[in-house]
Amino acid sequence: MLDAEGPLTPMAGCTDLYVALNFGTLRETNFLNLWPLDELRRITVRSGVLSIGALATYTDIIHSRVLSTRLPMLVAAAREIGGPQIQNRGTIGGNIANASPAGDTLPALAASDAVVLVRSVRGERRVPFSEFYIGYRRTVLEPDELITAVEIPPIKGRQWFRKVGTRAAQAISKIVMAGVAGQRGQPPRIAVGSVAPTVVRLPSTEAALASGASLAEAQRILQDEIAPIDDVRSTADYRRRVAANLLASFWNERGRR
Ligand SMILES: Cc1cc2nc3c(=O)[nH]c(=O)nc-3n(C[C@H](O)[C@H](O)[C@H](O)COP(=O)(O)OP(=O)(O)OC[C@H]3O[C@@H](n4cnc5c(N)ncnc54)[C@H](O)[C@@H]3O)c2cc1C
């Protein structure tokens with residue numbers, strides 16, 4: 001239908017689309033309802049690779065036993081998204097496609113080296129998460145393509161997630177960070193949201209920590225890898241300071257169970 005009857009805008013849980021509709025900023029008028037496609041809701045592990053269907057809701061993620069052991073940082077993110085109503089309707093595919101730099105699942109997916117599975121009548125593409133966003137709210141998705149799933153290779157090392165917002169529920173992140181502590185000589189993996197036009201990994205900070213740099217030095221390097229702005233939710237200065245504090249929490253807590 002996307003190919004033959006397009007352009008059509010995919011609708012999943014509609015928790016972002018309805019906000020745009022209510023604000024009068026939704027330009028699109030033709031939609032494709034994905035919600036009944038149960039095939040896209042599955043959370044599975046095949047040959048060691050975790051696959052989360054694009055229509056998996058936050059409630060599905062919170063209740064998934066496989067995710068609680070394989071990807072606890074994503075479960076932690078899902079628990080802090082919206083409230084129960086949003087968790088029942090909002091989907092991971094919608095969070096990815098909506099491409100907000102404040103999307104709470106995105107740092108967890110960036111830190112886990114996820115791969116986005118994208119499908120159209122032309123076939124399937126596997127897009128590394130690090131290549132999915134090409135600018136502020138811009139992705140590599142073509143108009144006839146759907147996100148069908150996200151795949152996550154096995155992760156070794158303790159996972160960590162922290163969101164800082166105005167309050168615990170129904171608040172968009174002022175800053176959000178996810179990390180994986182490196183094991184046996186592997187560097188840590190750290191990603192941050194709400195500090196740049198897209199969610200960002202911190203390769204220089206990761207390399208510094210891996211090579212034994214002090215936390216203070218890593219915090220200095222971090223400042224060059226982010227580009228926060230002042231906006232309605234926060235100031236650039238606050239975001240810089242909290243990013244450094246979150247890095248310290250991640251690093252200091254990495255050995256704890
Ligand atoms: C009150 C409230 C609180 C919220 N709190 C949070 C929060 O704490 N953290 C957070 O990150 N977000 C939050 N959100 C935003 C929203 O809930 C999430 O981004 C959610 O994951 C969107 O998923 P959805 O299925 O509802 O997407 P939709 O609204 O259905 O779609 C969003 C966009 O993605 C596209 N799309 C959806 N699915 C696909 C697909 N499979 N393939 C291609 N394109 C697709 C749609 O065309 C649309 O452009 C909140 C929203 C509200 C209204």
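Quick note: residue numbers are just sequence positions, from 1. Ligands are counted one by one from 1 in listed order, and the atoms in each one are counted from 1 as well.
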How far is atom 31 (O) of ligand 1 from its nearest protein heavy atom, and which residue and atom is that? L17 CG, 3.9 Å

Okay, side chain of R239, backbone of S194: is any donor-acceptor separation there less than 3.5 Å? yes

Between the side chains of D104 and R79, is the shortest nitrogen-to-carboxylate-oxygen separation below 4.0 Å, so that they form an ion pair? no

Numbering the atoms of ligand 1 from 1, which are under 4.0 Å from a heavy atom of E80? 8 (O)

Indicate, with yes or no, if W160 and V176 share a hydrophobic cluster defined by side-chain heavy-atom contacts under 4.5 Å among Ile, Leu, Val, Met, Phe, Trp and Tyr. no

At a 4.0 Å threshold, what atoms of ligand 1 neighbour a non-hydrogen atom of A54? 41 (N)

For atom 47 (O) of ligand 1, which protein heavy atom lies nearest, and how many Å away is it? P10 O, 2.6 Å

How far is atom 17 (O) of ligand 1 from its nearest protein heavy atom, and which residue and atom name does that atom have? T15 OG1, 2.7 Å

Quick check on contacts: which atoms of ligand 1 are under 4.0 angstrom from a heavy atom of T91? 20 (C), 21 (O), 23 (O), 24 (P), 25 (O)

One residue to check: L34. Relative to ligand 1, which of side chain, backbone, both or neither has a non-hydrogen atom less than 4.0 Å away? side chain

Pair D230-T235, side-chain donor/acceptor within less than 3.5 Å: no

When distances are taken from atom 37 (C) of ligand 1, the protein heavy atom at minimum range is G94 CA, 3.6 Å

Give the atom numbers and elements of ligand 1 that come within less than 4.0 Å of a heavy atom of G103. 11 (O)

Just checking R137: does its CZ atom have more than 12 heavy atoms from other residues, nucleotides or ligands closer to it than 6.0 angstrom? yes

Answer yes or no: is there an ion pair linking E80 with K163, defined by an N-O contact shorter than 4.0 Å? no

With a sphere of 6.0 Å drawn around OH of Y18, does it hold more than 12 non-hydrogen atoms of other residues, nucleotides or ligands? no

In this structure, does ligand 1 have an atom that sits under 4.0 Å from one of the heavy atoms of Y58? yes

A12 N/O to ligand 1 N/O under 3.5 Å: yes

Could you please spell out the steps behind the salt bridge (Lys or Arg N to Asp or Glu O under 4.0 Å) verdict for E145 and R125? CA-CA 9 Å; E145 288 181 319; R125 290 201 289 152; 2.8 Å; yes

Does E253 come within less than 4.0 Å of R162, counting only side-chain N to carboxylate O? yes

Atom CZ of R233 with >12 non-hydrogen neighbours under 6.0 angstrom: yes

Quick test: of every protein heavy atom, which one is nearest to atom 42 (N) of ligand 1, and how far off is it to 0.1 Å? I147 N, 2.9 Å

Can you tell me which residue and heavy atom of the protein come closest to atom 32 (C) of ligand 1, and the distance to 0.1 Å? D16 CB, 3.8 Å

List the closest protein heavy-atom neighbour of atom 12 (N) of ligand 1: residue, atom name, distance to the nearest 0.1 Å. N95 ND2, 3.8 Å

Below a 4.0 angstrom heavy-atom separation, can you tell me which part of A171, side chain or backbone, both or neither, approaches ligand 1? backbone

Taking only non-hydrogen atoms of E28, do any sit less than 4.0 angstrom from ligand 1? no

May I ask whether I172 has any heavy atom positioned less than 4.0 angstrom from an atom of ligand 1? no

Considering only protein heavy atoms, which is closest to atom 50 (C) of ligand 1, and at what distance to one decimal place? I86 CG2, 4.2 Å

Note: heavy atom closest to atom 45 (C) of ligand 1, options A97, A78, G13, belongs to A97

For L146, the ligand 1 atoms with a heavy-atom partner under 4.0 Å come out as 42 (N)

Number the atoms of ligand 1 from 1 as they appear, then name those within less than 4.0 Å of a heavy atom of Q170, with their elements. 1 (C), 2 (C), 3 (C)

Report the member of D104, T148, L117 with the shortest heavy-atom distance to atom 10 (C) of ligand 1. D104

Under-4.0 Å protein heavy-atom contact, atom 14 (N) of ligand 1: no

Fit a plane to each ring of F129 and F132, take the angle between them on a 0 to 90° scale, and name the class: parallel (under 30°), tilted (30 to 60°) or perpendicular (over 60°). parallel

Under a 3.5 Å cutoff, is there a donor and acceptor pairing between the side chains of T59 and Q87? no

Out of all atoms in ligand 1, which are within 4.0 Å of some heavy atom of C14? Include the element for each. 24 (P), 26 (O), 28 (P), 29 (O), 30 (O)

Show me which atoms of ligand 1 lie under 4.0 Å from any heavy atom of V19. 53 (C)

Does atom CG (L215) have a neighbourhood of more than 12 heavy atoms from anything else shown, all under 6.0 Å? yes

Flag the pair R41 and D38 as a salt bridge only when some basic side-chain nitrogen lies within less than 4.0 angstrom of an acidic carboxylate oxygen. yes

Any non-hydrogen side-chain atom of N88 less than 4.5 Å from a side-chain atom of T57? no

Proximity of K163 to ligand 1 by residue part, where a heavy atom lies under 4.0 Å: side chain

